[in-house]
Q: 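To start, I am sharing the structure in question, which I have written as structure tokens.
Note that this is a predicted model, so its numbers are computed, not measured.
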Amino acid sequence: MKQEPPSLPRAEGFHQVVLRFAPNPDGPLTLGNARPAVLCDYYAKRMNGKLILRFEDTSPSVKPPLKEAYDWIIEDLEWLGIHPDEIHYQSNRLQTYYDYAEKFIERGFAYVCLCKPEEFRRFEKKGEPCPHRDQDPDLGLSLWEKMLNGGLNPGEAVVRVKTDMKHPNPAVRDWPALRIDVANHPRVAGFRVWPLYNWSCAIDDHEMRVSHVIRGKEHLTNEVRQSYVFKYLGSPPPVSIHIGRVRLEGSVLSKSRIMRGLAEGAYTGLDDPRLGTLKALRRRGFKPEVVRRVVLEMGLNIAESTVKWENLYAYNREAVDWEAERYYFVKNPFTMIVRSVPQQVEARLPRHPSRPELGSRIIVLKTSDGEARLFVSPEDVENLAPGSRLRLMSLFNVEVEDVDPHSKTVKAFFKGLEVPEKSSGVKLIQWVLPSDAVETRVVMPDASLTEGLGESPLTQLNPGRIIQLVRFGFCRVEAVSKNVVNLVFSHP
RNA sequence: GCUCCGAUGGUGUAGCCCGGUCAAGCAUACGAGCCUCUCGAGCUCGGGGCCCGGGUUCAAAUCCCGGUCGGAGCACCA
């Protein structure tokens with residue numbers, strides 16, 4: 001980091017800074033989720049505090065949690081270098097939410113509302129109490145009992161927290177805290193009352209002694225709603241920091257859209273390169289520190305911001321250039337036939353142009369009757385006029401005689417070994433020998449496949465390695481076999 | 001419609017709370033040059049910005065008001 005993120009606001013006077021990242025396990029983490037996650041982790045570490053991961057899985061029917069998503073999230077966080085000190089599942093804590101609800105009803109801080117949603121909305125709009133607001137706590141408790149034991153059905157009753165029916169923001173007026181939901185939950189069974197976000201969140205932040213909440217600005221009014229709970233609890237609310245939403249240029253970051261697209265078969269998986277999931281970024285060879293860097297650069301700004309791929313590319317290039325060995329790859333190969341080649345030519349291909357200590361590969365070009373064949377990329381030769389010169393990198397120079405796109409053949413003749421002067425303007429191109437060629441497929445950012453031939457040493461690379469295909473781009477090794485190399489394109 | 005936010009070069013930010021040291025810093029992108037057997041990396045230099053209009057003040061990117069544009073919320077979602 002060239003620039004430190006700002007210090008955590010109002011962090012003085014806390015015994016320990018406690019932050020929580022609280023995702024809904026209904027999909028994979030995206031770059032959008034990475035923002036609060038990384039910030040929470042960053043400040044927890046910087047302040048010697050504690051980081052809590054809390055799964056907010058309390059909406060069995062509207063936002064059904066996905067059993068697999070819990071692990072996805074933990075894995076994605078681990079990839080980012082985030083290891084929470086504690087992990088909580090709200091679905092394990094229902095009794096706690098019930099206990100508080102009962103207390104609130106008992107003390108008249110909350111009531112069981114039997115209004116139909118539309119009915120209540122009318123009172124809310126007018127700023128007037130509904131008939132249930134002033135119910136006797138004993139009646140409230142017996143209704144609450146009926147919510148729990150089945151005497152009331154979904155939609156018939158809801159527990160509301162008393163706020164202020166004249167609050168300027170109608171959304172704050174007596175908001176619902178718990179409702180009946182009988183849908184199945186992937187983790188627990190036998191519960192029919194579930195807390196709503198503002199209830200479970202406020203109770204948990206209170207119980208877990210959360211000192212600072214970093215969350216998206218879509219929660220701005222939730223902070224106001226939850227402030228009433230803290231008021232009734234007689235404890236100060238956590239410091240709330242709202243950050244802007246993140247957009248990733250040209251990518252889908254919405255979990256629901258991702259899951260829908262996946263169900264419709266629009267994507268190849270959670271790590272489809274078109275998606276803004278952390279899994280996709282990882283698959284494309286982005287280093288976690290790159291994600292952390294862009295997030296930390298945005299800091300605690302509440303203004304929304306758009307991440308540009310070119311920034312991600314630049315940071316990742318910086319992160320991987322040193323480790324990325326260089327290999328030759330020609331896509332949609334054309335065959336070049338070179339005449340008048342000396343008996344035997346050796347090419348020495350350095351593994352890394354800036355790291356001679358890594359050594360080089362020696363490739364021996366054999367000729368028959370002074371003729372040599374090798375593969376080159378059509379885009380390097382397609383429009384060349386006869387007489388054009390080319391430098392086959394690390395090998396020799398040729399002069400092109402004829403290019404035939406139909407037979408995908410280029411005829412050329414040997415034109416010396418010396419590296420041409422830069423001023424000559426001779427283009428340097430990569431090549432692959434037929435005897436050394438292996439089928440190589442690269443998944444591109446738009447999920448299309450680029451196919452061609454690569455050098456055989458590619459088959460020796462372990463999955464996960466980042467390499468650079470010279471004059472093509474950085475790629476991550478996905479899988480290799482004896483005959484096929486599968487790569488994922490990172491960036492130029 | 002109602003409630004609430006935000007606005008610094010192409011992009012992301014620093015500065016704004018506590019007005020002068022800001023003729024606005026950094027990163028990335030862009031341009032030029034050097035270097036390099038890659039369209040990669042490195043090095044040097046360069047152009048580019050305080051949304052608009054008023055006000056307060058000796059002094060405003062910073063404070064106030066209005067406007068414009070952008071965003072969020074107004075779910076028995078999180």
Q: Is it the case that the base of B:rU36 and the side chain of A:Lys422 share a donor-acceptor contact (distance under 3.5 Å, atom types as modelled)?
A: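 Answer is yes: a donor-acceptor pair is held.
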
Q: Each nucleotide N or O in nucleotides 64-68 of chain B that has a protein N or O under 3.5 Å away: list the pair and distance.
A:
none

Q: Whole angstrom is fine here: how far is it from OH in A:Tyr328 over to P in B:rU38?
A: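 Spelled out: OH on A:Tyr328 to P on B:rU38 is 9 Å.
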
Q: Check nucleotides 76-78 of chain B against the protein and report each pair of N or O atoms closer than 3.5 Å, with its distance, or say if there are none.
A:
from, atom 1, to, atom 2, distance (Å)
B:rC76, N3, A:Gly155, O, 3.3
B:rC76, N4, A:Cys115, O, 3.1
B:rC76, N4, A:Pro117, N, 3.4
B:rC76, N4, A:Gly155, O, 2.9
B:rC77, OP2, A:Arg179, NE, 2.5
B:rC77, OP2, A:Arg179, NH2, 2.5
B:rC77, O2, A:Lys63, NZ, 2.6
B:rA78, OP1, A:Thr58, O, 3.3
B:rA78, OP1, A:Thr58, OG1, 2.9
B:rA78, OP2, A:Tyr197, N, 2.5
B:rA78, O3', A:Glu56, O, 3.2
B:rA78, O3', A:Glu56, OE1, 3.3
B:rA78, N6, A:Asn222, ND2, 3.0

Q: Check every strand shown and say whether A:Pro353 touches a base, only sugar-phosphate, or nothing at a heavy-atom separation below 4.0 Å.
A: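 Here A:Pro353 touches the bases of the nucleic acid.
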
Q: Between B:rG46 and B:rG40, how far apart are the two C1' atoms, rounded to whole Å?
A: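 Nearest-Å result for B:rG46 against B:rG40 at atom C1': 23 Å.
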
Q: How is A:Asp380 classified with respect to the nucleic acid when contacts are heavy atoms under 4.0 Å: base, sugar-phosphate, or nothing?
A: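 Since a base atom lies under 4.0 Å of A:Asp380, the category is base.
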
Q: With a non-hydrogen cut-off below 4.0 angstrom, is A:Tyr315 in contact with a base, only sugar-phosphate, or nothing?
A: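 Contact class for A:Tyr315: sugar-phosphate only.
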
Q: Name all stems that contain residues of RNA chain B, defined as runs of 3 or more consecutive Watson-Crick or G-U wobble pairs, both distances under 3.5 Å.
A: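 B:1-7 with B:68-74, B:10-13 with B:25-28, B:30-34 with B:42-46, B:51-55 with B:63-67 - these are the stems of 3 or more pairs that involve RNA chain B.
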
Q: Give one of base, sugar-phosphate or nothing for A:Ile302, where a contact means two heavy atoms less than 4.0 Å apart.
A: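 A:Ile302: backbone/sugar contact only, no base atoms under 4.0 Å.
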
Q: Contact class for A:Arg317 vs. all strands (heavy atom < 4.0 Å): base, sugar-phosphate, or nothing?
A: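 The answer is sugar-phosphate, as A:Arg317 gets under 4.0 Å only of primed atoms, P, OP1 or OP2.
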
Q: Assert yes or no for the condition that the ring centre distance of A:Tyr70 to A:Phe55 is strictly below 6.0 Å.
A: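 Aromatic pair counts; centres sit under 6.0 Å.
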
